[in-house]
Amino acid sequence: MGAVVGVSTFTLLLAGLPTRGIALVPRPQFAFMDVPTLDELRRQIDSIDDTLHDLLMRRAELVERIGASKPAGGLALRPGREAQVIRRLLERHAGRFPANAMVRLWREIMGAFTFLQCPIRIAICRPADQPGYWDLARDHFGVQIPFTAHETPSQVLAAVRADPNVVGIVPAPVQDEPQPWWPRLMSGDPTTPHIVQKLPFVVMPNSRGRDLTGFVLARLDAEPSGHDRALIAVEARAEISRSRLAAAIRKAGLQDATALYDVEQAGTYWDLIEIPEFVGDADPRLAALALALGIEGARVVVLGAYAVPPVVP
Ligand SMILES: C=C(O[C@@H]1C=C(C(=O)O)C=C[C@H]1O)C(=O)O
């Protein structure tokens with residue numbers, strides 16, 4: 001019956017326990033002795049914050065070493081690796097802290113650490129009536145990297161072509177848009193960017209960009225992340241029916257398309273095919289696709305790939 005010995009009324013109040021009739025309600029001793037005070041709990045938070053902060057500073061040292069191993073003067077951004085980091089954390093995530101808040105923290109960390117390695121800047125297509133693209137960019141690249149807003153995808157493309165450290169964000173393709181940007185990625189010019197990411201990777205609930213989809217263009221080769229979609233463009237002087245395209249995709253050994261867009265301008269026809277797997281520039285199935293189409297002079301080019309966004313609980 002010595003359960004209450006040494007436990008003050010103040011401690012009981014803090015613990016939300018009744019202070020009347022205690023002697024009649026015996027409880028195991030440890031239940032009282034283990035209730036930490038507000039100050040003790042806050043001291044534990046301070047200690048966790050110190051550990052988190054120390055680890056961030058240690059992470060910076062490792063990032064600098066990784067940065068030093070990358071080609072000098074190039075863009076340090078590695079969207080495929082970033083996708084793997086976020087996916088791995090989401091898989092191990094548990095408990096009451098919201099998963100998208102955790103992702104938002106890591107987006108901030110990775111944006112700042114990419115900026116530490118190179119003078120990356122973001123050129124966003126954010127027409128005056130579409131402020132959400134700015135949120136989409138900020139949720140992903142964080143507060144440290146400088147952003148410039150442009151009215152059109154053409155202006156974004158020009159900014160990316162002018163500087164290898166500029167990364168562009170353009171609206172995702174839609175069928176029947178008047179001036180699609182994606183046929184212009186077929187140029188073959190060494191300053192032409194690739195599609196390297198789709199945004200949002202994880203939707204932020206209060207973002208003005210939560211209903212928008214953007215593509216990230218960078219002067220990088222897309223890298224596989226383990227779960228990717230490739231974007232392949234076809235250019236031809238004749239219209240290619242959807243069924244002919246689908247048959248050629250199969251004949252080339254590629255998986256069935258998950259999205260298709262087409263456009264015609266002055267007698268040239270372009271198709272954009274999204275394939276549910278990674279396809280690199282040197283993949284022999286590209287030549288096989290050109291052949292299977294059976295159209296004289298048809299060109300087939302990989303425009304890039306993106307890591308498939310995870311399902312966030
Ligand atoms: C540290 C790296 O550089 C960048 C920053 C990353 C990070 O902070 O984890 C991850 C990928 C890159 O965009 C890396 O390439 O691993």
Side-chain angles (χ1 to χ4, degrees), residues 49 51-93 97 99-124 133 135-148 156 159-160 163-170 193-204 209 214-231 278 280-281 303-310 312:
D49 286 348
T51 307
L52 282 171
H53 191 205
D54 284 344
L55 290 174
L56 274 177
M57 294 186 287
R58 260 180 63 199
R59 197 180 193 279
E61 288 161 19
L62 295 174
V63 167
E64 278 194 308
R65 286 171 61 188
I66 291 173
S69 74
K70 291 180 183 171
L75 191 59
L77 181 70
R78 297 292 181 271
R81 163 69 183 158
E82 292 186 359
Q84 289 170 336
V85 171
I86 300 283
R87 283 190 195 131
R88 196 180 65 78
L89 291 170
L90 280 169
E91 268 163 33
R92 72 195 296 282
H93 192 68
F97 190 60
N100 32 25
M102 181 277 287
V103 171
R104 186 73 169 77
L105 286 174
W106 256 267
R107 289 306 327 158
E108 201 60 58
I109 288 170
M110 292 195 283
F113 281 147
T114 305
F115 192 49
L116 200 75
Q117 298 171 68
C118 68
I120 180 174
R121 286 178 289 131
I122 310 290
I124 313 165
Y133 284 104
D135 287 38
L136 206 61
R138 202 173 140 114
D139 288 340
H140 194 78
F141 289 102
V143 299
Q144 209 68 27
I145 300 174
F147 288 0
T148 319
V156 170
V160 176
D163 183 339
N165 278 300
V166 172
V167 168
I169 300 179
V170 290
H194 283 110
I195 296 165
V196 295
Q197 179 120 48
K198 186 174 172 179
L199 298 182
F201 190 60
V202 172
V203 181
M204 294 299 143
F215 273 35
V216 179
L217 307 179
R219 286 165 63 174
L220 288 173
D221 287 336
E223 286 177 342
S225 73
H227 185 200
D228 302 277
R229 292 198 169 153
L231 291 138
F278 187 85
D281 284 329
L303 303 190
Y306 66 84
V308 177
V312 178

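As the structure is a computational prediction, the values presented were derived from the model and not from experiment. Counting starts at 1 for both ligands and their atoms, in listed order.
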- Query: So, does Arg219 use its side chain to make a donor-acceptor pair with the main chain of Val160 at under 3.5 Å?
  - Reply: yes
- Note on the structure: Note: ligand 1 atoms sitting under 4.0 Å from heavy atoms of Glu82 are 10 (C), 11 (C), 12 (C), 13 (O)
- Which residue holds the protein heavy atom closest to atom 12 (C) of ligand 1, what is that atom called, and what is the gap in Å? Arg78 N, 3.5 Å
- Task: Go through the side-chain N and O atoms of Ser225 and Arg87 and say whether any donor and acceptor fall under 3.5 Å apart.
- Result: yes
- Task: Can you sort out which atoms of ligand 1 are near Phe113, meaning under 4.0 Å from one of its heavy atoms?
- Result: 8 (O)
- Message: Less than 4.0 Å is my threshold; does some heavy atom of Val85 fall inside it relative to ligand 1?
- Response: no
- Task: Answer side chain, backbone, both or neither: which part of Pro79 comes under 4.0 Å from ligand 1, heavy atoms only.
- Result: neither
- Mind running side chain to side chain contact (heavy atoms under 4.5 Å, CB included) on His140 and Val216 for me, showing each step along the way? CA-CA 11 Å; His140 194 78; Val216 179; 5.6 Å; no
- Task: Nearest heavy atom to atom 2 (C) of ligand 1 wins, so pick from Glu223, Lys70, Arg81, Arg107.
- Result: Lys70
- Should the pair Glu108-Arg104 be classified as a salt bridge under the 4.0 Å nitrogen-to-oxygen rule? yes
- Any atoms of ligand 1 less than 4.0 Å from a non-hydrogen atom of Met110? List them with their elements. 7 (C), 8 (O), 9 (O)
- Query: What's the shortest distance from atom 8 (O) of ligand 1 to any protein heavy atom, and which residue and atom give it?
  - Reply: Arg59 NH1, 2.8 Å
- Task: For the pair Lys198 (side chain) and Phe215 (backbone), establish whether a donor and an acceptor sit closer than 3.5 Å, ignoring hydrogens and angles.
- Result: no
- Item | Proximal atoms of ligand 1 relative to Gln117 (non-hydrogen, under 4.0 Å) | 1 (C), 2 (C), 3 (O), 4 (C), 5 (C)
- Query: What atoms of ligand 1 come within less than 4.0 Å of a heavy atom belonging to Thr114?
  - Reply: 4 (C), 5 (C), 13 (O)
- Option passing side chain to side chain contact (heavy atoms under 4.5 Å, CB included) with His194 (candidates Leu231, Asp281, Leu303): Asp281
- Task: Among Ile86, Val103, Val312, Asp139, find the one that has a side chain to side chain contact (heavy atoms under 4.5 Å, CB included) with Phe201.
- Result: Ile86
